[in-house]
2 protein chains.
Amino acid sequence: MEMEKHGGKRMGAGRPKGTNHYGEPTQPVRIPISKIDRVLRFVREREDELPLYGHSVPAGFPSPADDYAEGALDLNSHLVREPTATFFVRARGDSMIGAGIHDGDLLVVDRSLEASDGKVVIVSINGELTVKRLRQTKQKSWLTPENPDYPSINFQEQDDTHLWGVVTNVIHSL
Amino acid sequence: MEMEKHGGKRMGAGRPKGTNHYGEPTQPVRIPISKIDRVLRFVREREDELPLYGHSVPAGFPSPADDYAEGALDLNSHLVREPTATFFVRARGDSMIGAGIHDGDLLVVDRSLEASDGKVVIVSINGELTVKRLRQTKQKSWLTPENPDYPSINFQEQDDTHLWGVVTNVIHSL
DNA sequence: CTTTTTGAATAATGTAACAATATTCAAATG
DNA sequence: CATTTGAATATTGTTACATTATTCAAAAAG
């Protein structure tokens with residue numbers, strides 16, 4: 001055990017890049033002190049990510065320690081792509097039952113998506129919000145319900161008729 | 001408009017303390033770059049809370065500046081009551097179509113809820129996950145599909161049959 | 001006298017810089 | 001050949017600092 005030098009320059013020595021806790025670079029960001037704890041929890045351990053299981057599972061009960069069969073999911077980022085352009089509307093009635101939209105369901109609406117033929121959209125008509133499927137050709141646009149008991153209506157952007165956005169997800173409570 | 005000095009020392013001059021955006025001091029914290037956006041949004045204001053609109057709306061388009069008719073909503077806290085006991089399962093097939101569960105839907109499952117008569121539950125049978133409605137009397141338990149094309153099955157907790165939890169929400173993508 | 005303009009004073013803020021720590025590898029040692 | 005050691009380099013929490021934002025009273029204008 002001599003106190004001597006242990007070699008000079010060596011190629012490939014030192015801690016390799018990308019070996020940090022996150023697998024990506026970090027950067028300092030100013031956080032109000034009262035929120036530091038929560039931010040750190042969110043950042044260090046995937047706080048908002050919950051396990052997503054597939055159809056077949058190993059024996060026994062699921063456990064948070066499992067390596068989830070299909071990974072983890074954060075509802076907010078999964079359902080909301082453009083937070084600044086997203087809002088919620090509660091559905092009423094059963095005119096869109098065929099699209100899986102039931103009375104009382106919560107609709108996730110994205111205003112940044114283009115409303116094209118076949119999309120389910122939110123439209124305000126005379127201050128009332130409605131959910132319908134948009135159908136359009138080069139000549140005309142319709143709003144069609146997904147329920148044979150209701151009629152289609154002609155659609156045209158006017159003073160009292162506005163297209164609010166495209167429905168991306170339907171949340172149904174049991 | 002002379003170019004002269006404008007007084008010397010003055011008591012009470014300068015920006016007062018506590019006039020920052022948060023009303024409290026801040027401190028730099030290292031954040032992985034991919035999460036900086038999310039953290040900033042969370043920290044600056046009600047990040048995960050997006051507007052929830054009612055059925056009738058004032059004229060014009062909605063704006064984030066609006067005082068939302070029905071307030072704001074955070075999907076995570078709205079859909080997940082008990083984070084440590086919650087997980088997701090993707091539904092397969094149409095045996096529960098009557099309960100609003102379609103093929104490919106994402107199910108929010110809470111293990112901490114008691115599975116009582118009438119609840120929609122997740123059960124593993126021989127390593128396969130199934131969604132069914134639980135019916136039980138003092139004598140017996142059944143798992144019933146919500147589709148007349150499928151049969152009910154007898155239910156009993158066994159080695160290869162386990163009740164995983166109660167389905168609280170169904171997320172349907174369009 | 002009242003209103004408007006100005007810049008000194010001070011806090012807040014984003015980011016660079018730094019010291020301390022963690023990690024890896026090959027040379028030195030046994 | 002296995003183990004120990006320390007040079008080399010990345011990571012990390014925090015400090016430092018230059019820049020920006022904000023406020024107020026003196027000075028200027030009306």
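Below, chain A is the first sequence line, B the second, and so on; all start at residue 1.
- Side-chain atoms of L107(A) and N169(A), non-hydrogen and from C-beta on, never get closer than 4.5 Å to each other.
- The ring pair (Phe, Tyr, Trp, His ring centres under 6.0 Å) search around H78(A) returns none, not counting sequence neighbours.
- Using bins of under 30°, 30° to 60° and over 60° for the plane-to-plane angle, the ring pair H102(B)/H172(B) lands in the tilted bin.
- Note that CZ of R81(B) is 8.0 Å distant from CG of L113(B), once rounded to the nearest 0.5 Å.
- Residues that satisfy the side chain to side chain donor-acceptor pair (under 3.5 Å) test with N20(A), not counting sequence neighbours, are absent from this structure.
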Completion exercise
Contact string for nucleotides 10-20 of chain D, one letter per nucleotide 5' to 3', B = base within protein heavy-atom range under 4.0 Å, S = sugar-phosphate only, - = neither, reads BSBBBBB----
